[in-house]
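Source: prediction; values computed, not measured. Numbering of ligands and ligand atoms starts at 1, following listing order.
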Amino acid sequence: MANYPETPTDSAGDVDEAVAAELEHGRWLFAQDCVFLLGVANLDQLPPGDLPEITFAGRSNVGKSSLINALTGRTTLARTSNTPGRTRELNFFRLGAKDGTALRLVDLPGYGYAKVSRDMVNRWTQLLKTYLRGRANLKRVCVLIDSRHGLKPADHEIMDMLDEAAVSYQIVLTKIDKLKVAEREKVLAQVTTDLKRHVAAHPEVLMTSAEKGWGVPELRARIAAFAPRPA
Ligand code: GTP
Ligand code: MG
């Protein structure tokens with residue numbers, strides 16, 4: 001299953017040209033430089049809002065940092081761990097060419113359960129919510145959901161908040177390599193149905209595996225839609 005989810009084809013079996021162009025733009029963008037800019041523990045340290053931001057949110061351990069590494073093709077850019085609570089700051093990365101076709105990727109600490117004190121979790125959650133609600137250059141939040149667990153109360157809480165603040169978000173299922181095909185289809189159907197009542201949610205749910213690279217070209221293409229195309 002080298003090419004999952006399937007690349008759409010037209011009736012002649014050729015890859016649709018518009019889809020192919022989007023995938024190519026994504027491939028091109030993520031082949032550009034990606035550098036760590038800064039880690040932020042307080043909102044007064046945020047970088048200026050001069051570049052579009054795409055932010056990765058999700059419960060602890062869903063695979064946010066791993067997916068950023070898979071997207072950028074760099075295994076150690078964002079730090080990952082088996083222990084929930086690895087990412088402890090808002091980490092900003094600059095992705096793009098020097099001519100200004102750039103974006104920022106933001107790796108967030110997990111919300112909900114983490115192997116750190118309740119106080120720390122509460123502090124992060126407050127920080128995340130304030131950032132997510134109040135950032136004009138935040139173009140899209142990728143809300144990552146572990147495909148084995150589906151949507152949990154903490155996810156609904158974040159999604160409700162994004163709906164209310166009119167912040168556009170897309171659900172990205174992670175770790176689909178851990179599920180059988182029938183199980184994937186089941187969680188995809190459940191999440192897709194749930195999304196109908198969330199006004200700021202993009203209707204498409206992406207299925208990904210950072211480990212196998214599945215769905216990564218498609219997610220690159222969705223993100224690249226927020227960056228200007230190269231001349
Ligand atoms: P926090 O920063 O603690 O919130 O976690 P995170 O969401 O950044 O998760 P991270 O990327 O650190 O990954 C957590 C664990 O899940 C690690 O042990 C990863 O190796 C594993 N993992 C991440 N993505 C995948 C995947 O696609 N497939 C499998 N099988 N494991 C994955
Ligand atoms: Mg992390």
Side-chain angles (χ1 to χ4, degrees), residues 1-5 30 34 36-41 53-93 95 104-129 131-132 140-155 157-159 162 169-181 183-185 187-188 191 205-220 222-223:
M1 206 174 61
N3 191 21
Y4 190 89
F30 279 86
C34 189
F36 174 70
L37 283 177
L38 80 163
V40 162
E53 281 170 7
I54 308 293
T55 293
F56 294 76
R59 292 177 356 113
S60 290
N61 213 43
V62 292
K64 298 174 292 296
S65 301
S66 300
L67 194 57
I68 289 181
N69 288 339
L71 286 164
T72 56
R74 291 147 179 95
T75 48
T76 55
L77 187 67
R79 274 191 266 164
T80 65
S81 163
N82 240 329
T83 311
R86 166 72 260 182
T87 307
R88 299 183 167 212
E89 295 184 320
L90 283 71
N91 286 321
F92 289 80
F93 302 88
L95 168 71
R104 268 193 221 116
L105 305 178
V106 189
D107 185 15
L108 297 185
Y111 51 73
Y113 170 82
K115 281 197 172 137
V116 294
S117 71
R118 186 86 325 249
D119 261 12
M120 281 280 274
V121 171
N122 288 342
R123 215 171 64 77
W124 291 350
T125 308
Q126 267 330 102
L127 180 67
L128 297 187
K129 286 186 173 172
Y131 164 77
L132 290 171
R140 173 63 57 84
V141 181
C142 295
V143 177
L144 273 55
I145 305 290
D146 188 323
S147 56
R148 296 168 300 176
H149 307 315
L151 293 168
K152 297 283 185 189
D155 300 315
E157 202 183 305
I158 288 286
M159 290 159 67
L162 294 171
Y169 60 97
Q170 178 160 26
I171 301 293
V172 178
L173 297 175
T174 62
K175 308 190 190 183
I176 64 160
D177 57 286
K178 298 248 195 192
L179 293 186
K180 300 196 176 90
V181 173
E183 294 169 328
R184 282 176 208 159
E185 297 305 326
V187 67
L188 179 65
V191 172
V205 175
L206 283 177
M207 294 206 277
T208 65
S209 164
E211 197 155 298
K212 305 282 187 192
W214 297 338
V216 168
E218 287 76 8
L219 182 54
R220 283 184 187 137
R222 300 304 176 273
I223 293 172

Problem set entry | For atom 32 (C) of ligand 1, the option (of Lys175, Arg59, Arg79) bearing the nearest heavy atom |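 The residue whose heavy atom sits nearest atom 32 (C) of ligand 1 is Lys175.
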Problem set entry | Listed protein N/O/S atoms, distance to the Mg ion (ligand 2) under 2.8 Å |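 N, O, S partners closer than 2.8 Å: Ser65 OG, Thr87 OG1.
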Exercise. Sequence neighbours excluded, which residues qualify as side chain to side chain donor-acceptor pair (under 3.5 Å) partners of Asp146?
Worked result: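 Applying side chain to side chain donor-acceptor pair (under 3.5 Å) to Asp146 gives Arg148.
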For this session: Could you pull out all residues at least two apart from Glu183 that satisfy side chain to side chain donor-acceptor pair (under 3.5 Å)?
Result: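 With sequence neighbours excluded, Glu183 shows a side chain to side chain donor-acceptor pair (under 3.5 Å) to no residue whatsoever.
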Could you state the interatomic distance from [atom1] ([X]) to [atom2] ([Y]), rounded to the nearest 0.5 Å?
X: Asp107; Y: Ile68; atom1: CG; atom2: CD1; result: 4.0 Å
X: Leu162; Y: Lys129; atom1: CG; atom2: NZ; result: 10.0 Å
X: Asn122; Y: Tyr111; atom1: CG; atom2: OH; result: 15.5 Å
X: Ser147; Y: Asp177; atom1: OG; atom2: CG; result: 7.5 Å
X: Leu95; Y: Leu105; atom1: CG; atom2: CG; result: 5.0 Å
X: Ser66; Y: Leu77; atom1: OG; atom2: CG; result: 12.0 Å

Exercise. Residues two or more places apart in sequence or in another chain: which of them pass ring pair (Phe, Tyr, Trp, His ring centres under 6.0 Å) with Phe93?
Worked result: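 Applying ring pair (Phe, Tyr, Trp, His ring centres under 6.0 Å) to Phe93 gives Phe36.
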What residue and heavy atom of the protein are closest to [atom], and at what distance?
atom: atom 9 (O) of ligand 1; result: Gly63 N, 3.2 Å
atom: atom 3 (O) of ligand 1; result: Gly85 N, 2.7 Å
atom: atom 18 (O) of ligand 1; result: Asn82 OD1, 3.3 Å
atom: atom 27 (O) of ligand 1; result: Ala210 N, 2.8 Å
atom: atom 12 (O) of ligand 1; result: Ser81 N, 3.0 Å
atom: atom 31 (N) of ligand 1; result: Glu211 OE1, 3.6 Å
atom: atom 2 (O) of ligand 1; result: Thr87 OG1, 2.8 Å

Mark up the atoms of ligand 1 that fall under 4.0 Å of a heavy atom belonging to [X], in ascending order.
X: Ser66; value: 10 (P), 11 (O), 13 (O), 19 (C), 23 (C), 24 (N)
X: Gly110; value: 4 (O)
X: Ser60; value: 4 (O)
X: Val62; value: 7 (O)
X: Lys64; value: 1 (P), 4 (O), 5 (O), 6 (P), 7 (O), 8 (O), 9 (O), 11 (O)
X: Asp177; value: 26 (C), 27 (O), 28 (N), 29 (C), 30 (N)

Exercise. For Leu108 and ligand 1, does the shortest N/O to N/O distance drop below 3.5 Å?
Worked result: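 N/O-N/O distance below 3.5 Å does not exist for this pair.
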For this session: Consider every N or O of Asp107 and every N or O of ligand 1, then say whether any pair is closer than 3.5 Å.
Result: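 Not met; the criterion fails.
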Exercise. Quick one: does ligand 1 sit under 4.0 Å from the side chain of Asn61, the backbone, both or neither, non-hydrogen atoms only?
Worked result: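 Both of them.
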For this session: Between Lys178 and ligand 1, find which residue part has any heavy-atom pair under 4.0 Å and reply side chain, backbone, both or neither.
Result: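 The answer is the side chain.
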Exercise. For the side chain of Thr208 and the backbone of Leu173, is there at least one donor-acceptor N/O pair under 3.5 Å apart?
Worked result: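 Side chain of Thr208 to backbone of Leu173, a donor-acceptor pair under 3.5 Å: yes, one is there.
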For this session: For residues Lys175 and Asn61, report the shortest heavy-atom separation together with the two atoms involved.
Result: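 So the two residues come closest at NZ-O, 2.8 Å.
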So [Y] and [X], do their side chains get closer than 4.5 Å, heavy atoms only?
X: Leu90; Y: Leu128; result: yes
X: Tyr131; Y: Thr55; result: yes
X: Leu71; Y: Phe56; result: yes
X: Asp155; Y: Arg59; result: yes

Exercise. Of all the heavy atoms in Ser209, does at least one lie under 4.0 Å from an atom in ligand 1?
Worked result: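 Yes; Ser209 lies near enough to ligand 1 that a heavy-atom distance drops under 4.0 Å.
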